[in-house]
Amino acid sequence: MTDSGWDGKPVFPEIPLVGAAAGSAARRMELSLLDAMTLDDLLELGECPGDAAASLVMAALFAGLEEGSLCLDLDPVRFCRRVPEGLREEVAAALVDFEEKLAAGRYRRLVAEEANAYRPLVLDTSAGRRLLYFHKYHVHERRLKKRMGAFLGSPAGALAPDPQLDAWIEEIHSKPLVVRLGADSIPLRRDPRQVQAVRLAMRSPLSVISGGPGTGKTSLLVNLLRCLVRAGVPVPEIVLGAPTGRAAQRMTEAVRSSVRSIHRPSSADTGLLDLQGSTLHKLLGYRPFYHAFTYRNTNPLPASVVVVDEVSMVDVVMMDHFLQAVDPERTRLVLMGDKNQLPSVEAGAVFAEMIPDGERESRFSRHLVVLEKVYRSGGSLLELAGQARRGDFPPVKPVSFAKAMSGDPDEWTFVEAAGPDRWEARLRRWADHYYRESAGGGEGGYPALIAEAGRMPPESLSFTEAGAALLERIFATIERARILTLLRGGPYGCTAVNARIAGHLIPLLDPSASGRRPVFSGAPILVTRNDYGRGLFNGDVGVLIRDPDGVCRAYFRRAGGTVDFPVDLLPSWEPAFAMTVHKSQGSEFDDVLLALPDDENNRLLTREIVYTGITRARKRVIFHGTEPVLRKALEKKIQRESGLMW
C-alpha cells in the first residue's frame, strides 16, 4: 500500500503494481497508489494500456475529483488550469492527442459519448461544453439536475393568501408572541429579508436561503415553522434535516429554545416542541446492509414540508438521493446554508452553485433569498470574514503569542510560526490559559470543576440542580475556545495537537489515567460516528468525567439537560481540544486559534477555509503560521467543475 512522506505527498513503493504510463501520470498528479492502480485497471478495461495521453487526462480527472470536481472541462484553457503549473505544457499536448484518438474511436471501450451507454467515463456535450465524467458522477448529476427542474416547474401554490400571511407575520412579531433571544430575553427584530424568505417559502415549492453567521437563519427557521402550522400544516408532516447529527440536534435545540422564549405562545407554537431534526441518512431510512434507502423516488417521504440546514455540506451524491425521495408535487422544500462556507468533503458544491456568483446567473434566482444584515455584536471579525471571502485581506502584523492570547474582544492577531519546539510551547500555553487558569472556571479553574464533578455520583451530576449547574460551567469552559486545523496529520494537524495538549493536561486533570488512549477526566471529546440507539451523532461534543468508582463517563448536552454513557459504550470518538475546520462547521466559540500548515502549496489552502475558520469565532481569532501560506490561501477560491447549472 501507499504511504506518505513528511510533506504529505504520496510515496510509491518500488514494486510493479501499476503500469509505466499509469504510474508516471499518477506521480505527476500526486495521486494515491489506490488511484494509480484504479487508473491502470481502467486503461486495461478500455483496451488502451500504456496510453500516455489517456493516462494523463484520467489522472487529471482523478485529481479533480479529489478536489471536489464532478467532471473536467476539456476546453484546453480551462483544463490546464486544473493541473500544476509545471505540467501544463505537457498536459496540453496530451489533451490534443487524447481528443484526436477519441474522435478516431480509439477510446470507444473507455469513453461513452451517449448518456445511456455504459463505459467507465462519459463525455457530455449536451450544454455545448465538453465535460468528461466518471460514469457514477454523471448519473447522479443528471438525476439531480432533472429533479431540480421538477421543483422549479412544480405547480404547487401558496399555502395562504397574502393578507392572511401578512397577518400571521404581524402576529408572530407582536410583543406577547415574539421570539426572544439570549439570557437578556431581547425581542427578535423584524428583518425585511427574513420576512421575504418566509413569504417565499410559503408561496413556492422550493426556497433557497443563504446567510452567514449572525444573519438570523435560526430565527427565520422558527418563524417559518410558526407560519406553516398557522397555515394548517400538521407538525408530523414537517421534516427537519441536516447532513450531520450535530447539525440536526442544533435544529431541534434551536426550535425548542425559541418557542420556550415566547411569553405567551399559542397552541400552534407549542406544538413545534415535538419537532426533532434528523440526519439525511436517518430521514431516508438508510439500510447499510443493502447500501440503499427506504425512501426514494418510488417511495417518497410522507412530508408536506422539508427543511434542510447546512446544505453547503451536502455532496452531489447525497443531494441526489435526498431529492429523489422528496416529491415536488406534494412536498415544499426549503434549503438553508451559507454559500461562502466550505463545500462538502465529497464531490460537488451544490448549494453554492444555486446562487449567482457574479460570473453567471442562476436558474434559482426567483427562489433565492440571501440574508445580509448581521445582528451579532462586534464588527472587526465580521469585516475580516468579508475581506477573506473576497480575498482582500488587510496587512498582517505579527505579534507575540502572549500578546495574541490577551487580545481584546472582536480582535484578530497573527503569530508567526517558529518551528516545532515553539509550537509545542505555545500549545502548552494555550492549554494552561483555557484549561488550567481560573479564567472561565472560577476559583481553582477548570481542574477544580473537574475534581468537584468527579466526587459526585453520576445520578447526582446528571439529575440534581447542583450537578446540572456544575456541568453547565464545565461545558461553558470547554466551549470557550478551540484550535482549528486544516489537516489531520503533521505537526499542525488536529491529531498531533490533541495528543500534545492531552499529554500536558493529564497529570493535572487526572493523574490516575493510564494507557495510550486519551481517556482522562476533563477531556473534551468529539463523536465521529452516528449511534442512533444512544442518540449520539457525528459532531457531538462531550466531556469525560471519572466518577467516584473510577469509571470514566462521557456527558453530552441535550435540550433541557444532559445524557451520559460509560466511555466504553460510545461510538467512535476523538479528543476535541482541536478539530479540523471542516468538522467545526455549524459550531461557534469565543476564541479560535487557526493553525495553518507549513506548506503553502497544500491543496486545502483556500479562502473558503479561512473564511469558515474566522466565522467560527465570536470574540477573537489567532492565526498561527506564515504570511506566504495565508496569502496563498486567500488567492485560491474553490472552483469545482460540474455541469449541474448548465
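FYI, side chains are in, hydrogens and waters are out, and symmetry mates aren't considered; it's all heavy atoms of this structure. Quick caveat, the model's predicted, so the values are computed rather than measured. The first residue of the sequence shown is numbered 1, and numbering continues consecutively from there.
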*Starting from the C-alpha separation in whole Å, work towards a yes-or-no answer on side-chain contact (heavy atoms from CB on, under 4.5 Å) for Val139 and Asp320.*
CA-CA 10 Å; Val139 169; Asp320 174 36; 5.9 Å; no

*Which is it for Val629 and Lys632 under the side-chain contact (heavy atoms from CB on, under 4.5 Å) test, yes or no, and what are the steps along the way?*
CA-CA 5 Å; Val629 168; Lys632 195 74 171 182; 5.6 Å; no

_The test is salt bridge (Lys or Arg N to Asp or Glu O under 4.0 Å); show your working for Asp51 and Lys101 and say whether it passes._
CA-CA 10 Å; Asp51 189 305; Lys101 291 177 179 176; 3.2 Å; yes

*Taking it one step at a time, do Val311 and Met354 satisfy side-chain contact (heavy atoms from CB on, under 4.5 Å)?*
CA-CA 11 Å; Val311 181; Met354 294 180 181; 5.7 Å; no

*Determine, stepwise, if the pair Arg250 / Thr218 fulfils side-chain contact (heavy atoms from CB on, under 4.5 Å).*
CA-CA 10 Å; Arg250 282 195 301 271; Thr218 298; over 6 Å; no

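In terms of heavy atoms, Ala54 sits closest to Leu43 at CB-CD2, 3.9 Å. Between Leu605 and Asp599, the shortest heavy-atom distance links the atoms CD1-O, 3.4 Å. Of all the heavy atoms in Ala417 and Thr626, the pair that sits closest is CB-CG2, 4.4 Å. Closest heavy-atom contact between Leu42 and Leu110: O-CD1, 3.6 Å. Here the shortest heavy-atom pairing between His624 and Leu593 reads CB-CD1, 3.8 Å. Considering all non-hydrogen atoms of both residues, Leu381 and Ala617 come closest at CD1-O, 4.1 Å.
In this structure, Lys217 NZ and Met251 CE are separated by 11.5 Å, a value rounded to the nearest 0.5 Å. Distance check: Ile501 CD1 to Tyr435 OH gives 7.0 Å after rounding to the nearest 0.5 Å. Taken to the nearest 0.5 Å, the NE2 atom of His140 stands 13.0 Å off from the CG atom of Leu323. The distance from the CG atom of Leu144 to the NE2 atom of His321 is 11.0 Å, given to the nearest 0.5 Å. Separation of atoms CG (Leu131) and CG (Leu123) is listed at 8.0 Å; rounding is to 0.5 Å. Taking CG of Leu61 as the reference point, atom CG of Leu70 lies at 10.5 Å (rounded to 0.5 Å).
Ion pairing between a basic and an acidic side chain is recognised when a charged N comes within 4.0 Å of a carboxylate O; Glu574 and Arg488 show such pairing. Contact check on Asp124 versus Arg142 returns no salt bridge, with no Lys/Arg side-chain nitrogen under 4.0 Å from an Asp/Glu carboxylate oxygen. Classification of Lys619 and Asp591 as a salt-bridged pair fails, no side-chain N sitting under 4.0 Å from a carboxylate O. Here Asp432 does not pair with Arg428 in a salt bridge; the nearest charged N to carboxylate O distance is not below 4.0 Å.
Formation of a donor-acceptor pair under 3.5 Å by the Lys145 side chain with backbone atoms of Gly643 is found in this model. Checked by atom type and distance alone, the side chain of Arg607 never pairs as donor or acceptor with a backbone atom of Asp392 at under 3.5 Å. A distance-only check finds a donor-acceptor pair linking the side chain of Ser210 to the backbone of Lys339 [under 3.5 Å]. Side-chain atoms of Asp75 come within 3.5 Å of backbone atoms of Arg78 as a donor-acceptor pair (strictly under, hydrogens ignored). Between the side chain of Thr528 and the backbone N or O of Ser572 there is at least one donor-acceptor pair closer than 3.5 Å.
Looking at Val350 and Val314, their side chains never come closer than 4.5 Å, going by heavy atoms from C-beta outward. Between Ile614 and Val610, the closest side-chain pair of non-hydrogen atoms falls below 4.5 Å. In this structure the side chain of Leu594 never reaches within 4.5 angstrom of the side chain of Arg616, judged on heavy atoms. Counting heavy atoms from C-beta on, the side chains of Pro243 and Phe322 never come closer than 4.5 Å. The shortest distance between side-chain heavy atoms of Ile478 and Phe577 does not fall below 4.5 Å. Within the 4.5 Å cutoff, side-chain heavy atoms of Leu427 are placed close to those of Ile483. Between Met318 and His281 the shortest side-chain heavy-atom distance falls below 4.5 Å. Counting only heavy atoms from C-beta outward, the side chains of Cys71 and Tyr137 never approach each other to under 4.5 Å.
For Arg631, the CZ atom sits in a packed shell: over 12 heavy atoms of surrounding residues, nucleotides or ligands are nearer than 6.0 Å.
Scanning for ring-ring contact (aromatic ring centres under 6.0 Å, His included) contacts around Tyr107 gives Phe98, with sequence neighbours left out. Annotation: side-chain hydrogen bond (donor to acceptor under 3.5 Å, both in side chains) contacts of Glu608 (sequence neighbours excluded): none. Arg130 pairs by the side-chain hydrogen bond (donor to acceptor under 3.5 Å, both in side chains) definition with Glu99, not counting sequence neighbours. Listed by chain and number, the residues in a ring-ring contact (aromatic ring centres under 6.0 Å, His included) with His367 amount to none (sequence neighbours excluded). Not counting sequence neighbours, the partners of Glu141 by the side-chain hydrogen bond (donor to acceptor under 3.5 Å, both in side chains) test are Tyr133. Here Phe134 pairs with Phe62 under the ring-ring contact (aromatic ring centres under 6.0 Å, His included) rule; sequence neighbours left out.
Taking the six-membered ring where the residue is Trp, the centroids of Tyr434 and Phe589 are separated by 6.0 Å or more.
Using a 30° and 60° split on the angle between ring planes, Tyr492 and Trp423 fall in the tilted class, from 30° to 60°. Using bins of under 30°, 30° to 60° and over 60° for the plane-to-plane angle, the ring pair Phe623/Phe393 lands in the perpendicular bin.
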